[in-house]
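In what follows, a single structure is set out as structure tokens and then discussed.
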Amino acid sequence: MSWCWFDPCVFHLSQCRCQRKMLIWLAATVSMAATETHRPNLLFMMSDQQRHDTLGVVTPSLTTPNLDRIAKEGARFVWGFTSTPTCTPARAAILTGQSPWNHGMLGAGAVAPVYPFEMPTTLASLGYSTTSIGKDHFGWVDETYGRTDCDTSGPAGDWCDVFFPPSKGHGVPHGYAQTSLYDGIVSEPDNYHQWFEAAMGGAKPETGWPSLDMNSWKGAPYAYKNESLHPTAWVGNQAVNFIKNRAQDIVNASLRAAPWFLKVSFHRPHSPYDPPQRILDNISAASLRPVYTCAEGDPLAWDARFANNTDGCGPQNLDAWCGTMPANESELARRCYQGSIAFIDEWIGQIFDALETTGQLNNTWMIWTADHGDGQSDHFHWRKGFPYEFASHVPFMIRWPEETTDSRASSWVRGSVIGQHVVELRDIFPTFLDAAGSLDVVPSDYKMDGDSLLCILGGESGSDGSTCRGGAWRPWLDLEHAQVYNETVHWNALFDGEMKYIFNAFFPDDDTFQNQLFNLTADPYELQDLARSSDPAHVAEVAKWRARMANQFTQEGRGPFGFVSSDGKLLQRTKSLVYSPNYPKKPSPSPAPPHNATDMYKCPAREVETLSAGQPIGVAAQSSPQPGPTSTSPCMSWEYTKHSDGTTTLGVNGFNISDDSRLCIAASTADDSKVVLAACGLPTIAPSANVGFKLDHNYTAPNHFRPQAVVHIATGSCITLVGKTVGLAPCVSNSAAQKWVFGTSGRLCQGTVCIAT
């Protein structure tokens, strides 16, 4: 490429013939690399709060050409759902590939910091570089080392004192090696907030929507004329730059760069509905889909109860979830909502352009979906958390690369519309594993409820699913949500691609609202509740679905939690359960230390006398017997001392803290890759550089039971387990060999071994 560097056209790139040559060369080079490696890239894109009917391929009056392109060049799943239609539980399903009961989140709560088997961590183990841009909603470690989204109730509260590397001011990683985040949480100083405040002289992003908030039902154009400040533009631009930079990485690595997994998660069209003014001007009221409410006087109508402007509903409440809103304000909100999607669509076009110009499109799998939908005044509802189509039915599209080597690809038809199977967010994880050729890495004892979408591709309307795990696709999908907005809104549902049954758990058996039944093939906008019908066929249909739900609850072991009786009957529940017993538990060291564990592993005086500076440090089994006069066991307990300069030293537990001969873990002055003992220095004096460490969250004391790195300040290296010993090595994000559990006994352990003298 040297023939191009001195061409004056490099200063006018938009008109540069040289640039075009460079892009052609780069695209050809990257395409050749993809052909040689046969490892596809994986691009997972999603929005937040986008209904299924906001695409041009579904509602022709709407204009979303770039999102439509995914469907036209791949496949669109007619029945794409989110089982638990609010932000965090939906994202837990994506991470784990599991149902709500099995991943543990039955409603809006805190995503667990760690799951036993999760998508980005697994893909990283397969050799993928993993990056997340936009909204994760996994939690943020702020300046005080607390998690901004910590739910102190139930099992989630056990994790509130657990923090994650590399330092303060980052999101909980879940296996993403690189993140650039905007979660849309006002109290969270995420990457977008920091960037915006730096660009705007300290102003907060909320100044872009002064009359709205993060859950408002109203809409307004973005307040800034410079639309590059908008979070949608920020996320889109980050994604485009990533794709371009990865192309250059491949060239720089002589065609051997790792394949990438990139998640691009737009926060919008989640509130605030705030598209740029130019976008809003192009969204006419006539182009919007109709608002759906039940016909007044219809005996099967069900939505009148939500038209009331009380209990958090109505126009007087900016964050209303239901009610009858002024027509002009409702129309503006709906235009702004669709405008937010149109703005995202523009950036999807730029992402396509970046993939094409860099030669990566032909080797990249692509999935588009959303975590949940939005009421948008249908049936007098706004926002999310409901079993109805506007909230639980989301866009679901997949595009496969032209250069795929999958033997099944000959039967796949671009532009296919698959309507015979119900798919859900839990299917994304196994789909990407399948696309990477590694579906077999799922542990045999792991409950993977999702399945690969690739097994139902085939023909213009999809295959029969006979090649899926178990020989068939799921017969129906389970959905649910714990209490949201008020005590009456918590429910369970089942859907098979035709009939949707809803059990509104708060209501007693004699209330007509306890059961709802909709035939979505005949009534796609749920205008008639067949459970209100006295037709014997409808009565029998309700009974059939109630029995199916009760059977599922029994199989899942929900009886003790009040979901189902011992004789298999659904039970009314006036209170809801947010976390199931399968929600991950905070780990503890194994074996658990006794109450006198510090003394048990403390170095006795006679052994202290035998230690000397320069002595190598190694590891010993956790189960080593207690040191003592007749024992040759090593000293395994360490004291953490904060010095005047903020440095932490890790001293042998057995010395007097004021003893100037006290020995600490240190980098060898002869070879800084080795770990030895050296003089600690006094707490009131800054220690020598070789003994200065910091915990990866810069805490003054160890955070017990949470794997974390121990960083040597002078070299920037981490204490690393190397075979049967320890040393210092360059810190690597999420390296298991550099994560140490700090027990209450003062031990630094990794698995079954601990650092010892």
Side-chain angles (χ1 to χ4, degrees), residues 1 4 9-10 12-35 40-47 55-57 62-74 76 129 131-134 180 227-228 230-251 257 259-266 268 275-276 278-279 282 339-369 395 397-404 414-415:
M1 286 171 38
C4 216
C9 71
V10 296
H12 305 281
L13 294 179
S14 63
Q15 304 173 19
C16 180
R17 179 177 61 185
C18 168
Q19 186 203 33
R20 289 196 299 271
K21 291 179 180 178
M22 291 169 63
L23 286 174
I24 291 170
W25 179 87
L26 181 61
T29 302
V30 173
S31 181
M32 181 172 63
T35 302
N41 300 316
L42 308 174
L43 176 56
F44 174 40
M45 298 189 293
M46 64 182 294
S47 56
L55 302 175
V57 290
L62 301 176
T63 304
T64 55
N66 299 298
L67 287 167
D68 293 352
R69 180 179 174 183
I70 302 173
K72 292 175 180 178
E73 296 182 1
R76 177 172 66 88
S129 69
T131 301
S132 178
I133 296 171
S180 190
E227 63 186 49
S228 68
H230 196 285
T232 294
W234 183 82
V235 170
N237 193 53
Q238 294 273 321
V240 168
N241 287 339
F242 171 90
I243 292 166
K244 292 179 177 178
N245 291 338
R246 285 298 297 175
Q248 190 60 56
D249 289 345
I250 293 173
V251 175
W260 48 261
F261 169 61
L262 171 65
K263 184 178 81 168
V264 181
S265 181
F266 292 94
R268 305 301 194 262
R278 68 169 180 87
I279 298 281
N282 289 327
S340 296
I341 296 167
F343 193 29
I344 291 171
D345 186 78
E346 289 187 350
W347 279 100
I348 299 304
Q350 294 202 41
I351 289 171
F352 262 115
D353 289 345
L355 288 168
E356 287 181 303
T357 57
T358 60
Q360 297 180 88
L361 181 63
N362 292 346
N363 190 45
T364 299
W365 282 86
M366 189 182 297
I367 290 178
W368 177 270
T369 192
M397 302 178 289
I398 188 170
R399 184 190 186 279
W400 54 92
E402 287 78 0
E403 296 173 358
T404 180
R414 296 191 186 274

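Predicted model only: the values in this text are computed from it and were never measured.
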Item to check | Minimum side-chain heavy-atom gap I351-L43 below 4.5 Å | outcome: yes

Checklist entry - Can you name the residues that form a side chain to side chain donor-acceptor pair (under 3.5 Å) with T369, not counting sequence neighbours? => result none

Checklist outcome for this item: Residues D68 and L55: closest non-hydrogen pair is OD1-CB, 3.9 Å

Next on the checklist: Run the ring pair (Phe, Tyr, Trp, His ring centres under 6.0 Å) test against W365 and tell me which residues pass, sequence neighbours left out.
Outcome noted: W412

Checklist outcome for this item: side chain to side chain donor-acceptor pair (under 3.5 Å) filter on W234, not counting sequence neighbours, yields none

Checklist outcome for this item: Sequence neighbours excluded, the answer for side-chain contact (heavy atoms from CB on, under 4.5 Å) partners of D345 is T64, P65, N66, L67

Item to check | Results of salt bridge (Lys or Arg N to Asp or Glu O under 4.0 Å) for R414 - residues two or more places apart only | outcome: none

Checklist entry - Under the side chain to side chain donor-acceptor pair (under 3.5 Å) test, which residues partner Q350, sequence neighbours left out? => result none

Checklist entry - Should L262 and N41 be marked as a side-chain contact (heavy atoms from CB on, under 4.5 Å) after you check the CA-CA gap, both sets of side-chain angles, and the distance that decides it? => result CA-CA 8 Å; L262 171 65; N41 300 316; over 6 Å; no

Kindly list each side-chain donor-acceptor pair under 3.5 angstrom involving residues 235-242, sequence neighbours excluded, with atom names and distances?
from : atom 1 : to   : atom 2 : distance (Å)
Q238 : OE1    : S180 : OG     : 2.8
N241 : ND2    : N237 : O      : 3.3

Next on the checklist: Run the side-chain contact (heavy atoms from CB on, under 4.5 Å) test on E73 and M366 for me, step by step, so that the C-alpha distance in whole Å, both residues' side-chain angles and the decisive distance to 0.1 Å come before the verdict.
Outcome noted: CA-CA 10 Å; E73 296 182 1; M366 189 182 297; over 6 Å; no

Checklist outcome for this item: side chain to side chain donor-acceptor pair (under 3.5 Å) filter on T63, not counting sequence neighbours, yields none

Checklist entry - Would you say W347 and V264 make side-chain contact, with heavy atoms under 4.5 Å? => result no

Next on the checklist: Nearest 0.5 Å, please: how far is CZ in F266 from CE in M46?
Outcome noted: 11.5 Å

Next on the checklist: So N363 and P40, do their side chains get closer than 4.5 Å, heavy atoms only?
Outcome noted: yes

Checklist entry - What orientation do F44 and F261 show, parallel under 30°, tilted 30 to 60°, or perpendicular over 60°? => result parallel

Item to check | Flag side-chain contact, heavy atom, 4.5 Å: R246 against T131 | outcome: no

Item to check | For Q360 against T358, the heavy-atom pair lying closest together | outcome: NE2-OG1, 2.9 Å

Checklist entry - With sequence neighbours excluded, what pairs up with R76 under the salt bridge (Lys or Arg N to Asp or Glu O under 4.0 Å) test? => result none

Checklist outcome for this item: Sorted by chain and residue number, the salt bridge (Lys or Arg N to Asp or Glu O under 4.0 Å) partners of E402 (sequence neighbours excluded) come out as R399

Next on the checklist: A side-chain contact here means heavy atoms from C-beta on lying under 4.5 Å apart; do F343 and R268 qualify?
Outcome noted: no

Checklist outcome for this item: Smallest heavy-atom separation, A342 atom then I279 atom, equals CB-CG2, 3.9 Å

